[in-house]
Visitor: 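Sharing a structure here in structure tokens format.
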Protein chains: 2
Amino acid sequence: MDIQTRARFSARARVIKALSHPSRLFIVDELSRGERCVCELTELIGADTSTVSKHLSILRNAGIIRDDKRGTQVFYQLTMPCVLRFLDCVETIMQENAQAQMSLMG
Amino acid sequence: MDIQTRARFSARARVIKALSHPSRLFIVDELSRGERCVCELTELIGADTSTVSKHLSILRNAGIIRDDKRGTQVFYQLTMPCVLRFLDCVETIMQENAQAQMSLMG
DNA sequence: TGGTTAATTGGTAAAATAGCCAAGAAGTAT
DNA sequence: ATACTTCTTGGCTATTTTACCAATTAACCA
């Protein structure tokens, strides 16, 4: 792999890596139904506020979500709805995997 | 997040995590043009055979690719072409990010 | 001003990931 | 049988990721 090709795939991997965590996928799913503040997401996820804040910054740095400060709160919203279609594909993969498992068991 | 919800998003994250590495994305891209043996992928990526083999097993365990042994060689092929559409979305995100960067610079 | 809420940032320890080398397994050929 | 090729697995180290706590910043209110 030459330098440019490696750089191209590394950039893609950085975006995907931002999505490769249960809490971050949960955030994306939740934001697909509308904007949420950090406090709401923290409550739903059930982790420390600082943990959720860091997850949000990872998604923001990847360009997947956007923040909007209003008063003391910060609201986040999806900027890339196409990731939802991606998640549909992931769901398909999981169903196929489950079926393959079932058929192995007879 | 209750146990079931967490389990659901963890399962999704496992699939996505399998895609979150430059070499593994390269493999998916390469396989989108047809099956390849481990030796071909190793040559293209330029890493140790054992490293590539481990990347392949990660993708296989996630249900994204399938192996087919023929003689001493093992050929891999995509089982989930829908991941390619996912990668299109990633490309879109990257372009949007690049544009945002440009506009910040004026 | 002082107090309160909301969120981010720095620090740290535990866990997961990645890469190479060495060794082993499986097939083919001489 | 021996040698050779192809691939996988185990071992090890280095790097990255994750989560919590503590401290800080920022906005609002009494």
Side-chain angles (χ1 to χ4, degrees), chain A residues 1 3 5-7 9-28 30-31 35-77, chain B residues 1 3 5-7 9-28 30-31 35-77:
Chain A
M1 240 198 303
I3 305 278
T5 305
R6 190 175 300 277
F9 284 99
S10 292
R12 292 185 189 178
R14 267 192 295 279
V15 174
I16 295 176
K17 193 171 285 192
L19 291 166
S20 67
H21 188 284
S23 296
R24 297 201 287 271
L25 286 177
F26 178 86
I27 289 169
V28 167
E30 192 59 29
L31 296 187
E35 66 172 18
R36 298 284 187 275
C37 69
V38 179
C39 51
E40 288 172 310
L41 293 169
T42 298
E43 172 69 21
L44 288 167
I45 292 172
D48 195 89
T49 311
S50 66
T51 301
V52 174
S53 178
K54 281 173 184 172
H55 282 312
L56 288 165
S57 81
I58 289 171
L59 287 169
R60 177 162 38 76
N61 289 337
I64 296 166
I65 64 177
R66 176 173 41 201
D67 64 331
D68 181 19
K69 301 173 209 284
R70 275 181 248 149
T72 61
Q73 293 181 316
V74 179
F75 290 85
Y76 281 89
Q77 57 184 289
Chain B
M1 235 197 308
I3 305 277
T5 306
R6 190 175 300 277
F9 284 99
S10 293
R12 290 185 189 178
R14 268 192 295 279
V15 173
I16 295 176
K17 194 171 284 191
L19 290 166
S20 67
H21 187 286
S23 297
R24 296 200 286 270
L25 286 177
F26 177 86
I27 289 169
V28 168
E30 191 61 29
L31 296 188
E35 66 172 19
R36 299 283 188 275
C37 68
V38 179
C39 51
E40 287 172 310
L41 294 169
T42 299
E43 171 69 21
L44 287 167
I45 291 172
D48 196 89
T49 311
S50 67
T51 301
V52 174
S53 178
K54 281 175 183 171
H55 282 312
L56 288 165
S57 81
I58 288 170
L59 288 169
R60 176 161 39 77
N61 289 337
I64 297 167
I65 64 176
R66 175 173 42 201
D67 65 331
D68 181 17
K69 302 174 207 286
R70 277 180 245 147
T72 61
Q73 293 183 316
V74 179
F75 290 85
Y76 281 90
Q77 57 185 292

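Every chain is numbered from 1, with letters handed out A, B, ... down the list of sequences.
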Visitor: Take the angle between the ring planes of Phe26(A) and Phe9(B) and call it parallel below 30°, perpendicular above 60°, tilted in between.
Guide: perpendicular
Visitor: Could you encode protein contacts along nucleotides 11-18 of chain C as a string, one character per nucleotide from 5' to 3', using B for base contact, S for sugar-phosphate-only contact and - for no contact, with a heavy-atom cut-off of under 4.0 Å?
Guide: B-----SS
Visitor: Quick check for you: name the first and last nucleotides of DNA chain D, 5' to 3', having an atom under 4.0 Å from a heavy atom of chain A.
Guide: dT17(D) to dC28(D)
Visitor: State which residues pass salt bridge (Lys or Arg N to Asp or Glu O under 4.0 Å) with Glu35(B); sequence neighbours excluded, sorted by chain then number.
Guide: Arg70(B)
Visitor: List for me each residue that meets side-chain contact (heavy atoms from CB on, under 4.5 Å) alongside Lys54(B), sequence neighbours excluded, and say none if there are none.
Guide: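 Here no residue qualifies.
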Visitor: With rounding to the nearest 0.5 angstrom, report the CZ to CG distance, Arg12(A) to Leu19(B).
Guide: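 Arg12(A) atom CZ to Leu19(B) atom CG measures 11.5 Å (nearest 0.5 Å).
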Visitor: Return the minimal non-hydrogen interatomic distance between Ile45(B) and Ile27(B), and the atom names on each side.
Guide: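 Scanning both residues completely, I find the closest heavy atoms to be CD1-CG1, 3.7 Å.
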Visitor: By a strict heavy-atom criterion of less than 4.0 Å, which residues belonging to residues 65-74 of chain A are in contact with DNA chain C?
Guide: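 Heavy-atom cutoff 4.0 Å gives Thr72(A), Gln73(A), Val74(A).
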Visitor: Does Ser50(A) reach a base, just sugar-phosphate, or nothing at all? Heavy atoms under 4.0 Å.
Guide: base
Visitor: To the nearest 0.5 angstrom, please state how far the CD1 atom of Ile58(B) sits from the NE2 atom of His21(B).
Guide: 8.0 Å
Visitor: Taking for each residue the nucleotide of DNA chain C bearing the nearest heavy atom, is the 5' side occupied by Ser57(A) or by Gly46(B)?
Guide: Ser57(A)
Visitor: What is the distance from CG of Leu41(A) to P of dA7(C), rounded to the nearest Å?
Guide: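 After rounding, the gap between these two atoms is 9 Å.
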Visitor: Does the pair Leu56(B) and Asp67(B) meet the rule for a side chain to side chain contact (heavy atoms under 4.5 Å, CB included), with working shown?
Guide: CA-CA 9 Å; Leu56(B) 288 165; Asp67(B) 65 331; over 6 Å; no
Visitor: Would you please confirm or rule out a distance under 4.0 Å between OP1 or OP2 of dT8(C) and any side-chain N or O of Tyr76(A)?
Guide: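 Indeed, a polar side-chain atom of Tyr76(A) lies that close.
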Visitor: Taking side-chain hydrogen bond (donor to acceptor under 3.5 Å, both in side chains) as the cut-off, I'd like each qualifying pair that reaches into residues 44-53 of chain A, sequence neighbours left out, listed once.
Guide: Asp48(A)-Ser50(A)
Visitor: Give the minimum heavy-atom separation between Pro22(B) and Ser10(A), together with the two atoms involved.
Guide: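 That would be CG-OG, 3.5 Å.
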Visitor: What are the two closest non-hydrogen atoms of Ala18(B) and Ile64(B), and how far apart are they?
Guide: CB-CD1, 4.1 Å
Visitor: Does CD belonging to Gln77(B) count more than 12 external heavy atoms closer than 6.0 Å?
Guide: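 Yes, because the 6.0 Å sphere around CD of Gln77(B) holds more than 12 heavy atoms from other groups.
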Visitor: Once you round it to whole Å, what is the distance between C1' of dT8(C) and CG of Asp48(A)?
Guide: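 Spelled out: CG on Asp48(A) to C1' on dT8(C) is 12 Å.
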